[in-house]
K.L.:
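One structure is given below, represented as structure tokens, and several questions about it will come after.
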Amino acid sequence: MAMVTTLHFFLLVLYIFDPLVVYGFQGTVLKTNQLSLHQSVTTQRRMVSSNDQEYMPLTPMQIKTIRKEISKRRSRKQLSQEWLPESETIGPFSEDTLANIAKLLEKNEVVEVRGISKDDKRDVFGTSEELAYYLSNCLEKNIERVETKGHTSVFYCPGKTIKLRTNYRSNQWSKRPKPLRDNSGQIIKTVRKMSE
């Protein structure tokens with residue numbers, strides 16, 4: 001038990017200094033906390049995004065819209081699919097594979113990648129997040145994993161055909177000003193003057 005806590009402390013220290021080292025270490029050896037894997041990949045994707053446009057993760061309603069579009073395309077047999085080669089199911093991914101998936105993403109916005117981590121189903125999430133990270137580097141856009149079922153993941157690349165709505169505005173909410181207080185810390189109530 002003490003060995004596990006020492007190892008977790010070591011990983012925490014490493015994560016503070018270099019999240020990529022911890023992500024690679026957890027993804028290949030420990031396979032413990034998938035949430036921390038997702039957070040580190042998302043942090044790295046924020047750094048990949050262009051400086052003039054801030055990284056905005058998809059909202060749940062936007063993900064729901066994308067999933068509806070995926071099911072429509074799947075029922076019409078128009079959803080693009082790409083199979084990973086046997087040697088690359090758990091990574092590292094070759095440039096040809098990344099280029100093929102990137103080309104499909106640019107053309108169709110949504111691509112279903114099959115054959116992810118065929119040997120161990122527990123690695124599918126981490127491997128698909130790693131694939132999304134490498135695709136983000138390849139396309140210089142934010143690629144999101146929208147859906148994962150079995151050994152299959154669906155990736156989304158922002159484009160023009162799928163319309164995503166948002167009501168986000170920067171600096172939409174402002175803080176309420178703090179009330180004035182007296183020496184004892186009590187709020188000073190202002191009395192309105194009656195107009196005569």
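Any value given below was found using the heavy atoms of this structure, including those in side chains, with hydrogens, waters and symmetry copies removed.
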K.L.:
Under 3.5 Å, side chain of Glu106 to main-chain N/O of Lys103, donor-acceptor pair present?
P.N.:
no
K.L.:
Would you check if the side chain of Ser75 reaches a backbone N or O of Lys72 as a donor-acceptor pair within less than 3.5 Å?
P.N.:
yes
K.L.:
Can a donor-acceptor pair be found between the side chains of Thr89 and Ser117 at a distance below 3.5 Å?
P.N.:
no
K.L.:
Dump the intermediate steps for side-chain contact (heavy atoms from CB on, under 4.5 Å) on Val124 and Thr148, then the final yes or no.
P.N.:
CA-CA 8 Å; Val124 174; Thr148 299; 3.6 Å; yes
K.L.:
Looking at Gln78, I want to see if its CD is surrounded by more than 12 non-hydrogen atoms of other residues, nucleotides or ligands under 6.0 Å.
P.N.:
yes
K.L.:
Between Glu130 and Arg145, is there a salt bridge with N-O shorter than 4.0 Å?
P.N.:
no
K.L.:
Would you say the side-chain atoms of Glu109 pair up with the backbone N or O of Ile162, donor to acceptor, closer than 3.5 Å?
P.N.:
yes
K.L.:
Between the side chains of Glu82 and Arg114, is the shortest nitrogen-to-carboxylate-oxygen separation below 4.0 Å, so that they form an ion pair?
P.N.:
no
K.L.:
Asn108 side chain to Val110 main-chain N or O, any donor-acceptor pair under 3.5 Å?
P.N.:
no
K.L.:
Hey, does the side chain of Lys121 reach the backbone of Lys118 with a donor-acceptor pair shorter than 3.5 angstrom?
P.N.:
no
K.L.:
Can you check side-chain contact (heavy atoms from CB on, under 4.5 Å) on Asn100 and Thr97, steps first, answer last?
P.N.:
CA-CA 5 Å; Asn100 289 341; Thr97 304; 5.7 Å; no
K.L.:
Drop me the distance from Tyr156's OH to Asn142's CG, to the nearest 0.5 angstrom.
P.N.:
10.5 Å
K.L.:
What's the separation between atom CG in Leu135 and atom CZ in Phe93, rounded to the nearest 0.5 Å?
P.N.:
8.5 Å
K.L.:
Does Lys64, at its NZ atom, have more than 12 non-hydrogen atoms belonging to other residues, nucleotides or ligands within less than 6.0 Å?
P.N.:
no
K.L.:
So which of Thr127, Leu131, Ile116 actually passes side-chain contact (heavy atoms from CB on, under 4.5 Å) with Ser153?
P.N.:
Ile116
K.L.:
Treating Thr65 as the side-chain partner and Met61 as the backbone partner, does any N or O pair qualify as donor plus acceptor under 3.5 Å?
P.N.:
yes
K.L.:
Rounded to the nearest 0.5 Å, what separates atom CD in Glu86 from atom CG in Asp119?
P.N.:
8.5 Å
K.L.:
Taking atom CG as the centre, does Leu104 end up with more than 12 heavy-atom neighbours from other residues, nucleotides or ligands that are less than 6.0 angstrom away?
P.N.:
yes
K.L.:
Mark yes or no for whether Asp120, through its side chain, and Asp123, through its backbone, hold a donor-acceptor pair below 3.5 Å.
P.N.:
no
K.L.:
Applying side-chain contact (heavy atoms from CB on, under 4.5 Å), run through Phe155 and Val113 and close with a yes or a no.
P.N.:
CA-CA 8 Å; Phe155 296 96; Val113 179; 3.6 Å; yes
K.L.:
For Glu88 and Ser94, which I'm curious about, is there any donor-acceptor pair between the side chains at under 3.5 Å?
P.N.:
yes
